[in-house]
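In the text below, chain A, chain B and the rest are named by the order of the sequence lines, each starting its count at 1.
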Amino acid sequence: MFFKGERKMFDSRLIMEQKERVIAAMRKRNFKDIALIETAAGLIEKRKRLITESESARAQQNKRSKDMPQVMKSGTPEEKKALQEELKALAEQVKSFQPGVKAVEEELDAILLSIPNLLADDAPEGGEDNAVEVKTWGAKPQFDFTPKEHDDLCKKTIDPERGAKLTGARFSVLWGPLATLERVLIQFMLDTHTRHHGYTEVWTPFMVNRATMTATGQLPKFEEDLFKTTDDLFLIPTAEVPVTNLHRDEVLREEDMPLRYCAYTPCFRREAGNYGKDTKGYIRQHQFNKVELVKFTRPEESDAELMKLLDDAEDILRRLGLHYRVVRLAAQDQGFSSSKTFDIEVWLPGQGRYREISSCSSFTDYQARRGQIRFKRTGGKATELVHTLNGSGLAIGRTLIAVVENYQRADGSIAVPEALRPYLGCEVINPA
RNA sequence: GGAGAGAUGUCCGAGUGGUCGAAGGAGCUUGACUCGAAAUCAAGUGAGCUCUGCGAAGGGUUCCUAGGGUUCGAAUCCCUAUCUCUCCUCCA
């Protein structure tokens with residue numbers, strides 16, 4: 001009763017059996033608290049010792065308790081009293097282990113929750129500047145004039161001043177054709193993923209509780225990045241959070257896997273630590289829209305499914321005719337829960353550089369362990385942790401920027417990409 | 001917001017102080033029957049931790065929403081929280 005078996009966090013077995021590998025991976029990631037691994041190892045040993053002791057005391061208590069009904073029925077008063085006193089002493093002994101076990105487990109759990117996922121062995125070394133280009137698609141569009149940045153092109157239709165009036169910095173209002181473009185991009189992406197890539201559309205809450213945020217890894221470490229309500233609920237920073245948690249504490253059936261979901265949600269991020277970055281334009285907002293792809297797979301297929309997920313996200317850009325490249329993130333640039341991440345970067349001619357428009361990751365069993373998302377093989381007995389994957393498919397605001405900058409014309413109007421014409425009902429929009 | 005009822009295994013659903021990890025059913029697995037399938041019959045089938053063992057396996061322990069409490073002993077009694085349902089109220 002005073003210890004639960006489930007360790008819903010970093011795999012303690014991995015620490016015990018492959019400590020050097022874990023430490024090496026954490027170094028590569030530039031994880032600051034390497035010492036925590038050793039501390040955790042010590043606590044795991046201590047916990048085992050305490051559990052062994054307390055369980056043998058409990059076993060003794062249980063054994064003697066079995067005599068109780070018989071003695072109560074036909075024993076002498078002396079026998080009853082003697083047994084009761086003996087059992088009382090045993091009960092006290094069992095209880096005496098409680099505080100120790102609880103303290104060790106709380107300390108251990110806090111540590112295990114704060115250790116990031118193990119990196120894939122082939123993660124490139126280094127940080128932000130060491131991403132490895134994997135592929136490119138298309139070519140940079142050529143202009144016979146100097147292409148402008150999106151905020152310059154859309155002075156009347158992207159309105160950060162009114163966003164600031166209504167809410168604050170990093171909020172924007174969209175007007176007219178750009179509001180429509182934002183809306184139809186959502187629909188275009190969802191339609192493409194559900195009709196052509198085999199995803200099931202889901203619609204989720206945009207606020208979630210602590211347990212949900214903890215399973216996907218946002219909590220406990222990154223609370224300062226989240227918007228929080230007075231009811232201890234959090235605004236989601238990505239649809240990954242509610243969609244991955246759909247199957248928290250569930251046992252899935254192998255024949256249903258892999259599960260592929262896509263969802264549109266707004267995303268809310270405080271952008272703590274990004275104060276100077278991208279202060280102008282529509283690139284970095286506290287609230288933005290995103291269509292997200294999420295998969296639940298068997299462990300052996302997660303790598304292949306990640307490549308397919310990445311390709312499904314890329315397909316949106318191909319259909320829109322937008323030049324992009326794919327990079328594999330280096331170790332120190334990867335998210336807390338991620339084992340392997342590819343970013344898709346779209347070309348922005350106004351800025352003259354590639355910008356992240358999608359991030360596709362495998363979380364291996366890390367989120368599955370934290371959220372106890374498991375599956376049972378057909379005909380098998382044991383349950384196993386699933387692998388979770390997700391990726392943006394795509395970020396809507398940045399797609400809007402990419403469309404505007406790539407399809408701009410000398411007069412400031414925007415040619416509508418072929419794929420969006422049925423949605424917009426026109427071939428040109430005028431954002432000025 | 002007011003009043004009441006409930007939360008049990010993959011699912012449904014019994015179970016009001018000890019012999020309950022938990023009846024029964026569904027599902028699933030295996031076998032029988034069948035040319036095959038369906039139907040039928042039989043057997044099996046929860047999870048975590050931990051110890052012993054090369055392993056096969058076996059032992060111990062915990063888990064009946066969560067957290068506290070009563071008791072020698074809790075699925076069962078008490079308190080709190082969360083969620084679900086019914087009625088009333090309110091409301092897009």
Original post:
Mapping A:L83 and A:M68 onto RNA chain B by nearest heavy atom, which one lands closer to the 5' end?
Top reply: A:M68
Original post:
When the distance from CD of A:E92 to P of B:C72 is rounded to whole Å, what number comes out?
Top reply: 9 Å
Original post:
Roughly, in whole Å, what's the span from NZ in A:K63 to P in B:G59?
Top reply: 15 Å
Subject >> Polar side-chain atom of A:R398 near backbone of A:E356 as donor-acceptor pair, under 3.5 Å >> reply: yes
Original post:
If we take the C1' atom in both B:A22 and B:G55, what is their distance in whole Å?
Top reply: 32 Å
Original post:
Please give, in whole Å, the distance from B:U29 C1' to A:R377 CZ?
Top reply: 16 Å
Subject >> Gap in Å between the two C1' atoms, one belonging to B:G24 and one to B:G18, rounded >> reply: 23 Å
Original post:
To the nearest Å, how far apart are A:R58 CZ and B:G59 P?
Top reply: 20 Å
Original post:
Are OP1 or OP2 of B:U61 and a side-chain N or O of A:N62 less than 4.0 angstrom apart?
Top reply: yes
Original post:
Counting only heavy atoms not in A:K221, do more than 12 fall under 6.0 Å of its NZ?
Top reply: yes
**OP:** Could you please name the partner base of B:C90, counting Watson-Crick and G-U wobble pairs only when both distances are under 3.5 Å?
**Re:** none
Original post:
Who does B:C77 pair with, Watson-Crick or G-U, both distances under 3.5 Å?
Top reply: B:G69
**OP:** Go through the side-chain N and O atoms of A:Q61 and A:R58 and say whether any donor and acceptor fall under 3.5 Å apart.
**Re:** yes
Original post:
Reckon A:S56 has a side-chain N or O less than 4.0 Å from the OP1 or OP2 of B:G59?
Top reply: no
Subject >> Whole-Å C1' distance, B:G17 and B:A74 >> reply: 7 Å
Subject >> Interatomic distance, A:K376 NZ vs B:C11 C1' [rounded to whole Å] >> reply: 12 Å
**OP:** Quickly work out the A:D249 CG to B:G48 P distance and round it to whole Å.
**Re:** 13 Å
Original post:
So, do A:H247 and A:F296 have ring centers that fall under 6.0 Å from each other?
Top reply: yes
Original post:
What does B:G27 pair with, Watson-Crick or G-U, if both distances are under 3.5 Å?
Top reply: B:U45
**OP:** Go ahead and name the base partner of B:C85; Watson-Crick or wobble counts if both distances stay under 3.5 Å, otherwise write none.
**Re:** B:G4
Subject >> Polar side chain donor-acceptor pair, A:H197 to A:D315, under 3.5 angstrom >> reply: yes
**OP:** Check A:H286, A:E161, A:Q287, A:Q285 against A:S172 for a side-chain hydrogen bond (donor to acceptor under 3.5 Å, both in side chains) and give me the one that passes.
**Re:** A:Q285
Subject >> Separation between the C1' atoms of B:U65 and B:C51, rounded to whole Å >> reply: 31 Å
Original post:
With no hydrogens and no angle check, do the side chains of A:Q60 and A:Q93 hold a donor and an acceptor under 3.5 Å apart?
Top reply: no
Original post:
Just how far, in rounded Å, is C1' of B:G60 from CD of A:Q61?
Top reply: 14 Å
Original post:
With rounding to whole Å, what would you report as the distance between B:G53 and B:G46 at their P atoms?
Top reply: 27 Å
Original post:
Does B:A39 have a Watson-Crick or wobble partner in any strand here, with both distances under 3.5 angstrom, and which is it?
Top reply: none
Subject >> Gap between atoms CD1 and P, on A:I44 and B:G48 respectively (whole Å) >> reply: 18 Å
**OP:** Could you tell me whether the phosphate oxygens of B:G68, OP1 or OP2, come under 4.0 Å of any side-chain nitrogen or oxygen in A:K102?
**Re:** yes
Original post:
Taking the C1' atom of each, how far is B:A14 from B:A75, in whole Å?
Top reply: 12 Å
**OP:** Give none if B:U19 has no partner; otherwise give the nucleotide forming a Watson-Crick or G-U wobble pair with it, both distances under 3.5 Å.
**Re:** none
Original post:
Roughly how far apart, to the nearest Å, are B:U80 and B:G9 at atom P?
Top reply: 25 Å
Subject >> Residue met sooner reading RNA chain B from 5', once A:A91 and A:A59 are mapped to nucleotides >> reply: A:A59
Subject >> B:U50 OP1/OP2 closer than 4.0 Å to side-chain N/O of A:R49 >> reply: no
**OP:** With a 3.5 angstrom cut-off on both distances, give the Watson-Crick or G-U wobble partner of B:C33, or none if there isn't one.
**Re:** none
**OP:** Name the nucleic acid region contacted by A:R13, choosing base, sugar-phosphate or nothing; use a 4.0 angstrom heavy-atom cut-off, strictly under.
**Re:** sugar-phosphate
Original post:
When the P atoms of B:C11 and B:C87 are considered, how many whole Å apart are they?
Top reply: 27 Å
